[in-house]
Amino acid sequence: MHIFNSLSRKKEVFLPIHPNHVGMYVCGPTVYGDAHLGHARPAITFDLVFRYFRHLGYKVRYVRNITDVGHLENDADEGEDKIARKARLEQLEPMEVVQYYTVRYHKNMDQLNVLRPSIEPHASGHIIEQIEMIKKILAAGYAYESDGSVYFDVEKYNQTHPYGILSGRKIDELISNTRELSGQNEKRNSFDFAIWKKADPTHIMRWPSPWGDGFPGWHMECSAMGCKYLGEQFDIHGGGMDLLFPHHESEIAQSTVANGKPPVRYWMHNNMITLNGQKMGKSLGNAMSLDDIFTGNHPLLAQAYSPMTIRFFILQAHYRSTLDFSNEALQAAEKGLKKLLFADETVKKLKPATGAASQNIEAIAKACYDAMNDDFSSPMAIASLFEAVKLINAANDGHLKLNPNDLELLKQLMDVFLFDILGLRAEDAGTDHHLVEGLMETIIGLRQEARARKDFATSDLIRDGLAKLNIVLKDGKEGTSWEMK
RNA sequence: GGUCUCGUGGCCGAGUGGCUAGGCAGCGGUCUGCAAAACCGCGUACAGCGGUUCGAAUCCGCUCGAGACCUCCA
């Protein structure tokens with residue numbers, strides 16, 4: 001198993017700290033707005049990692065936080081954080097905002113068949129842990145208090161540790177490149193970052209601390225909660241590439257100082273989803289919410305795309321590549337997914353041909369595993385699954401015979417990869433199968449009778465009528481089958 | 001301006017120093033009452049210019065183009 005480690009910018013052999021156990025922390029959403037397509041990418045990427053490690057037999061503790069404090073906005077309202085601002089504008093308790101969007105986030109993730117993490121800690125529930133960590137950093141001499149806020153002393157840290165180890169930044173470049181921001185007079189250097197921020201009297205999210213009322217700096221929560229649930233050093237930390245600097249860089253610095261060792265062995269970063277070649281982001285105003293996509297309710301959408309189409313679309317690109325949104329690409333994904341899922345239905349109905357020559361299904365399975373073991377290359381694994389689809393359909397058409405062993409291997413391969421590892425699922429789940437099956441059987445029977453009489457007007461009337469309900473009939477040698485479009 | 005990444009056929013997207021990625025779309029055929037689905041066959045792609053090499057789309061250099069980060073961001 002090889003993982004691309006952002007720290008070394010190389011693929012490295014994965015060796016867990018504790019054999020057969022994986023500790024993984026992933027930066028979750030800031031719950032002040034609906035989840036957009038961009039949020040789906042890390043959720044699905046690390047869901048894939050989570051699922052694959054579990055499939056391999058690892059015991060995984062997967063921690064993904066909910067950010068519900070901090071994240072200062074620097075532009076419009078100085079020193080206010082996102083959730084507080086949203087709450088004030090909508091006349092709500094901050095925790096009402098948090099609850100509302102957390103519930104909606106969970107709904108979207110469930111739709112995408114993203115498994116819930118092992119632990120989903122809220123930053124607001126770990127203020128004490130964050131304060132304790134700040135104390136440790138102060139005690140170690142790597143932070144200073146200034147007017148009720150506490151800042152991390154980047155320059156001092158850089159004398160003994162490489163600040164910029166993750167992002168490739170150099171401290172002297174930071175000096176010349178940092179923009180003028182308010183509150184800098186409180187800092188010794190412009191690139192020092194707040195680990196505790198004083199709350200002004202109007203700030204509605206605030207907690208008492210040894211330095212006065214305030215709230216934790218925006219990198220603290222991940223350091224504190226990662227350490228609490230996964231230990232001072234853990235295996236994998238994931239998140240979007242846009243978090244590399246300063247968020248993850250600062251996390252490394254804080255944790256290293258507080259605990260005396262670097263916190264993470266393997267850093268994994270998913271790339272961005274782009275729209276017309278540009279990053280999709282809430283602050284850029286070009287983000288599409290997942291609900292928009294699922295309902296087709298957006299000017300750029302030619303149609304609605306189902307959650308599984310989105311999931312498959314994302315899995316068809318490697319997580320470290322940018323992925324450009326377009327209707328064409330999504331429509332292709334929709335059809336490809338359908339083809340895979342339909343082949344899985346088909347393979348279950350195939351009859352084995354005893355004595356048929358072996359088709360070397362093991363080679364396909366091996367290709368799937370090799371792909372996953374090579375930095376979770378889901379696109380390669382999917383390409384191999386299409387090889388399997390070819391065999392299944394050929395067998396279904398009678399061009400190919402599958403011996404019992406091959407057939408069993410194919411069934412397992414499809415089931416394991418499509419559902420357990422890639423986390424796909426058939427989308428018509430939820431309809432009343434028993435009733436629908438019965439109705440369809442009757443309708444198809446009537447149509448069959450009409451066709452036998454060569455009454456094609458009637459048979460086409462039935463087929464067209466069903467087509468309006470998105471039910472597609474397929475006349476095959478073994479009779480007529482149907483599927484929901 | 002600094003740091004970094006990328007540029008693959010109509011579209012999306014893997015991969016790699018010599019052996020067909022794959023999906024979608026398209027064309028021809030088989031099947032079908034007609035379709036749909038499926039199957040068979042078809043496309044000589046790797047930004048440009050140099051260099052290394054027996055051989056490069058794959059390595060190196062330059063040029064052009066795009067993007068990310070440097071400020072909250074998945």
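Please read these numbers as outputs of a predicted model, since none were measured by experiment. So you know, we letter chains A, B, ... as the sequences are listed, proteins then strands, and number each from 1.
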[atom1]-based separation of [M] from [N] [nearest Å]:
{"N": "U52(B)", "M": "C60(B)", "atom1": "P", "result": "15 Å"}
{"N": "G9(B)", "M": "C72(B)", "atom1": "C1'", "result": "40 Å"}
{"N": "G23(B)", "M": "C42(B)", "atom1": "P", "result": "14 Å"}
{"N": "G18(B)", "M": "A74(B)", "atom1": "C1'", "result": "41 Å"}
{"N": "A47(B)", "M": "A66(B)", "atom1": "C1'", "result": "11 Å"}
{"N": "G50(B)", "M": "A56(B)", "atom1": "C1'", "result": "14 Å"}
{"N": "C40(B)", "M": "C4(B)", "atom1": "P", "result": "48 Å"}
{"N": "A37(B)", "M": "C24(B)", "atom1": "C1'", "result": "16 Å"}

Using a 4.0 Å heavy-atom cut-off, does [X] contact any base of the nucleic acid, only the sugar-phosphate backbone, or nothing at all?
{"X": "Asp475(A)", "answer": "base"}
{"X": "Leu243(A)", "answer": "sugar-phosphate"}
{"X": "Asp324(A)", "answer": "sugar-phosphate"}
{"X": "Gly38(A)", "answer": "base"}
{"X": "Glu483(A)", "answer": "nothing"}
{"X": "Arg451(A)", "answer": "base"}
{"X": "Met272(A)", "answer": "base"}
{"X": "Lys474(A)", "answer": "base"}

How close do Tyr305(A) and Gln331(A) get, counting heavy atoms only, and between which atoms?
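Residues Tyr305(A) and Gln331(A), closest heavy atoms: OH-NE2, 3.6 Å.
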Can you name the closest pair of heavy atoms from Trp267(A) and Asn5(A) and give their distance?
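So the two residues come closest at N-OD1, 3.0 Å.
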Of all the choices, [options], which nucleotide is nearest to the side chain of [X] once you look at every atom?
{"X": "Glu387(A)", "options": "C70(B), G67(B), G22(B)", "value": "G22(B)"}
{"X": "Gln316(A)", "options": "C70(B), G15(B), G22(B)", "value": "G22(B)"}
{"X": "Arg169(A)", "options": "A38(B), C69(B), A14(B)", "value": "C69(B)"}

Tyr25(A) vs His237(A) aromatic rings, parallel, tilted or perpendicular, using cut-offs 30° and 60°?
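Judged by the thresholds at 30° and 60°, the geometry between Tyr25(A) and His237(A) is tilted.
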Parallel, tilted or perpendicular: rings of His248(A) and His269(A) (30°, 60°):
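Rings of His269(A) and His248(A): tilted, as their planes differ by 30° to 60°.
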Quick check against the 3.5 Å criterion: does Ser149(A) have a side-chain atom that pairs as donor or acceptor with the backbone of Lys198(A)?
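Answer holds: yes.
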Does Asn270(A) use its side chain to pair, donor to acceptor, with the backbone of Arg320(A) at less than 3.5 Å?
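No; zero donor-acceptor contacts below 3.5 Å.
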N/O donor-acceptor pair, side chain Arg85(A) with base C72(B), under 3.5 angstrom
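No such pair is found, so the answer is no.
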Flag if over 12 foreign heavy atoms under 6.0 Å of NZ, Lys107(A)
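Counting neighbours around NZ of Lys107(A), more than 12 heavy atoms of other residues, nucleotides or ligands fall under 6.0 Å, so yes.
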Whether Arg51(A) and Asp47(A) form a salt bridge (side-chain N of Lys/Arg under 4.0 Å from carboxylate O of Asp/Glu) is what I want to check.
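Yes, charged N to carboxylate O under 4.0 Å.
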Charged N-O contact under 4.0 Å between Lys86(A) and Glu90(A)
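Yes.
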By a strict heavy-atom criterion of less than 4.0 Å, which residues belonging to residues 327-337 of chain A are in contact with RNA chain B?
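Per residue number, the list reads Glu328(A), Ala329(A), Ala332(A), Lys335(A), Gly336(A).
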If you take any heavy atom closer than 4.0 Å to RNA chain B, which residues from residues 111-123 of chain A end up in contact?
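Within this stretch, nothing sits under 4.0 Å of the strand.
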Does A14(B) have OP1 or OP2 under 4.0 Å away from a side-chain N or O of Ser321(A)?
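The answer is yes; a side-chain N or O of Ser321(A) sits under 4.0 Å from OP1 or OP2.
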Looking at Asn270(A), I'd like to know whether one of its side-chain N or O atoms comes within less than 4.0 Å of OP1 or OP2 on A74(B).
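Result: no.
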Does [X] qualify as a cation-pi partner of [Y], given the criterion of NZ or CZ under 6.0 Å from the six-membered ring centre and within 45 degrees of its axis?
{"X": "Arg169(A)", "Y": "Phe245(A)", "value": "yes"}
{"X": "Lys170(A)", "Y": "Tyr163(A)", "value": "no"}
{"X": "Lys474(A)", "Y": "Phe342(A)", "value": "yes"}

When Asn65(A) is tested against each of Cys222(A), Pro117(A), Pro29(A) for side-chain contact (heavy atoms from CB on, under 4.5 Å), which residue passes?
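Among Cys222(A), Pro117(A), Pro29(A), the one that satisfies the side-chain contact (heavy atoms from CB on, under 4.5 Å) with Asn65(A) is Cys222(A).
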Whether Phe386(A) stacks on the six-membered ring of G22(B) base, 5.5 Å and 30° limits
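Aromatic stack with G22(B) absent for Phe386(A).
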Return the 5'-most residue of the pair His318(A), Ser459(A) with respect to RNA chain B, ranking by each residue's nearest nucleotide.
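Looking at the nearest nucleotide for each, His318(A) comes out on the 5' side.
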For Arg447(A) and for Phe312(A), find the nucleotide of RNA chain B with the closest heavy atom, then tell me which residue's nucleotide is more 5'.
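It is Phe312(A) whose nearest nucleotide is closer to the 5' end.
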Can you tell me which stems RNA chain B forms when a stem means 3 or more consecutive Watson-Crick or G-U pairs under 3.5 Å?
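Only these stems qualify: B:1-7 with B:64-70, B:10-12 with B:22-24, B:26-30 with B:38-42, B:47-51 with B:59-63.
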